[in-house]
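Below is one structure, written out as structure tokens, with a few remarks after it.
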Amino acid sequence: MNMIPLPLVPAPAADALDIPAYTASGNERFLFEKAWERRLPLLLKGPTGSGKTRFITHMAGKLGLPLFTVACHDDLSAADLTGRHLLKGGETVWVDGPLTRAVREGGLCYLDEIVEARKDVAVVLHPLTDDRRLLPLERTGELLAAPASFMIAVSYNPGYQNLLKNLKPSTRQRFVSISFDFLPREQEIAVVAQESGLDEAAVAPLVDLARRLRTLKGQDIEEGVSTRLIVYAASLIAAGLPRQEAVLAAIIEPLTDEPEVRTGLVEVARAVLG
Ligand SMILES: Nc1ncnc2c1ncn2[C@@H]1O[C@H](COP(=O)(O)OP(=O)(O)OP(=O)(O)O)[C@@H](O)[C@H]1O
Ligand SMILES: [Mg+2]
């Protein structure tokens, strides 16, 4: 492959406040950097609250790339990404969408829950996510070539996928893919302690409870307890809420609306936490 060298990106200071902490579970940081260097698009899959968004914001900060995040929903169309003509003071002006801005500025575009978006989104993504790296703007007649530093990353949660909402193979096969899962016990304890300010000894039983509840996924509960929820519970405890109340509000209630399941989960919590 014949490549123009990447522009030099100033390395942000190690203690830069705007780079959120990210604890790696494998070589995903290295893989991200190499994918960016080689101009390959990236797909992150994994359960809710497993660190996908955190990873992206961390990497964007580390590489000094402007980040454009789009939360996809079932009404999101190609024009929401590329841009549209808007009326301003009696005149129509073209306003770039987040994808177009990321291309023009050579940034990182992150499309969260990509499977939710409307089908016409694939039409703009395809030429941009293969070796052409082109973004055609039909409405303005422009054909933008993505600069070297531009990168696109998408994510989805395979847990929610159904037959109607799945990525087409021709879309999937345009992305280098990484699977995310919850961190191993000790690392998850360290992350929750760091995020919440609660000490590790107090966090450990919460993580043990979450790990126990995760084994019930698919039986009584749709999704396992996310790291996000453990951080919520730990934060409430650090703020002075009694542990039992924090666990109920931040871990058990968000998991189910079924009174019987809730009672069962409370019992599991009692057994694990004592
Ligand atoms: N590896 C990690 N390093 C640091 N913090 C983490 C990590 N994994 C999870 N967290 C914590 O969990 C929270 C939730 O993670 P995040 O928002 O990245 O999940 P997500 O995978 O994007 O979930 P969703 O699919 O619901 O968008 C973060 O705000 C952070 O506090
Ligand atoms: Mg996310």
Side-chain angles (χ1 to χ4, degrees), residues 1-12 18-19 29 31-45 52-53 55-73 75-86 88 92-156 167-168 170-178:
M1 240 189 293
N2 198 1
M3 288 205 182
I4 310 157
L6 283 164
L8 281 179
V9 173
D18 53 349
I19 303 180
R29 271 193 295 230
L31 200 150
F32 187 106
E33 276 183 35
K34 295 299 136 188
W36 175 67
E37 277 173 30
R38 304 303 299 204
R39 295 163 208 174
L40 304 173
L42 199 63
L43 181 143
L44 313 177
K45 17 179 189 178
K52 302 181 294 294
T53 297
F55 175 60
I56 292 290
T57 45
H58 173 83
M59 293 308 300
K62 205 161 162 253
L63 296 171
L65 300 172
L67 176 61
F68 300 85
T69 299
V70 182
C72 300
H73 51 79
D75 223 14
L76 186 110
S77 65
D80 292 319
L81 296 178
T82 52
R84 47 169 53 96
H85 285 105
L86 294 177
K88 272 192 185 167
T92 45
V93 287
W94 172 259
V95 179
D96 283 342
L99 181 63
T100 306
R101 285 192 60 196
V103 169
R104 288 201 209 273
E105 295 175 34
L108 170 60
C109 186
Y110 176 45
L111 306 180
D112 209 352
E113 282 298 331
I114 181 76
V115 280
E116 297 291 335
R118 273 167 42 178
K119 295 275 171 283
D120 65 338
V121 163
V123 177
V124 292
L125 286 189
H126 280 199
L128 194 58
T129 50
D130 56 30
D131 64 334
R132 292 171 287 172
R133 290 179 42 101
L134 292 173
L135 179 62
L137 299 178
E138 259 178 47
R139 301 274 169 83
T140 65
E142 283 175 282
L143 182 62
L144 303 180
S149 64
F150 168 79
M151 180 167 178
I152 184 159
V154 303
S155 74
Y156 83 109
L167 289 181
K168 285 193 300 185
S170 56
T171 305
R172 288 177 83 98
Q173 295 203 16
R174 282 175 150 76
F175 293 85
V176 171
S177 302
I178 309 179

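Model, not experiment: these values are computed from the prediction.
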Can you name the closest pair of heavy atoms from V103 and A146 and give their distance? CG1-CA, 3.9 Å
Of all heavy-atom pairs between A60 and L108, which one has the smallest distance, and what is that distance? CB-CD2, 3.8 Å
Can you see which heavy atom on L65 is nearest to which on W36, and at what distance? CD1-NE1, 3.6 Å
For L111 and L81, what are the C-alpha separation, side-chain angles and deciding distance, and is it a side chain to side chain contact (heavy atoms under 4.5 Å, CB included)? CA-CA 10 Å; L111 306 180; L81 296 178; 3.8 Å; yes
Measure the spacing between OG of S77 and CZ of R118 and express it to the nearest 0.5 Å. 5.0 Å
Minimum side-chain heavy-atom gap D112-I56 below 4.5 Å: no
What verdict does the side chain to side chain contact (heavy atoms under 4.5 Å, CB included) test give for Y156 and R172, after you've listed the backbone C-alpha separation in whole Å, the side-chain angles of each residue and the deciding distance to 0.1 Å? CA-CA 11 Å; Y156 83 109; R172 288 177 83 98; 3.0 Å; yes
Answer yes or no: is there a side-chain heavy-atom contact under 4.5 Å between V154 and T171? no
Shortest non-hydrogen pair, G106 vs P66, comes out as O-CD, 4.4 Å
Sequence neighbours left out, what passes ring pair (Phe, Tyr, Trp, His ring centres under 6.0 Å) with F150? Give chain and number order. none
What's the spacing between E113 CD and S155 OG if we round to 0.5 Å? 5.5 Å
Verify side chain to side chain contact (heavy atoms under 4.5 Å, CB included) between L99 and I152, making sure each step is shown before the conclusion. CA-CA 9 Å; L99 181 63; I152 184 159; 4.0 Å; yes
Verify the neighbour count for atom CZ of R139: are there more than 12 heavy atoms of other residues, nucleotides or ligands below 6.0 Å? no
Minimum heavy-atom distance L42-F32, with the two atoms named: CD2-CD1, 3.3 Å
Is there a side-chain contact between T53 and Y110, using heavy atoms and a 4.5 Å cut-off? yes
First locate atom CG of L134, then atom CG of L143, and finally report the distance between them rounded to the nearest 0.5 Å. 5.0 Å
Side-chain touch H58/I19, heavy atoms, less than 4.5 angstrom: yes
Over all atoms of both residues, closest heavy-atom pair of V124 and L128: O-CB, 3.7 Å
V93 vs H85, side chain to side chain contact (heavy atoms under 4.5 Å, CB included): CA-CA, chis, key distance, verdict: CA-CA 5 Å; V93 287; H85 285 105; over 6 Å; no
Is it true that a side-chain atom of R174 and a backbone atom of P41 form a donor plus acceptor pair closer than 3.5 Å? no
Atom CG of L135 and atom OG1 of T100: how far apart are they, to the nearest 0.5 Å? 5.0 Å
Between OG on residue S177 and CG on residue L43, distance to nearest 0.5 Å: 4.0 Å
Heavy-atom count around E33 CD within 6.0 Å, excluding the residue itself: above 12? yes
Applying salt bridge (Lys or Arg N to Asp or Glu O under 4.0 Å), which residue pairs with at least one partner in residues 95-104 are found, sequence neighbours left out? D96-R104, R101-E105, R104-E142
Counting distance only, does the side-chain N/O of R84 pair as donor-acceptor with the main-chain N or O of V95 below 3.5 Å? no
OG (S149) and CD (E37) are apart, to the nearest 0.5 Å, by 12.5 Å
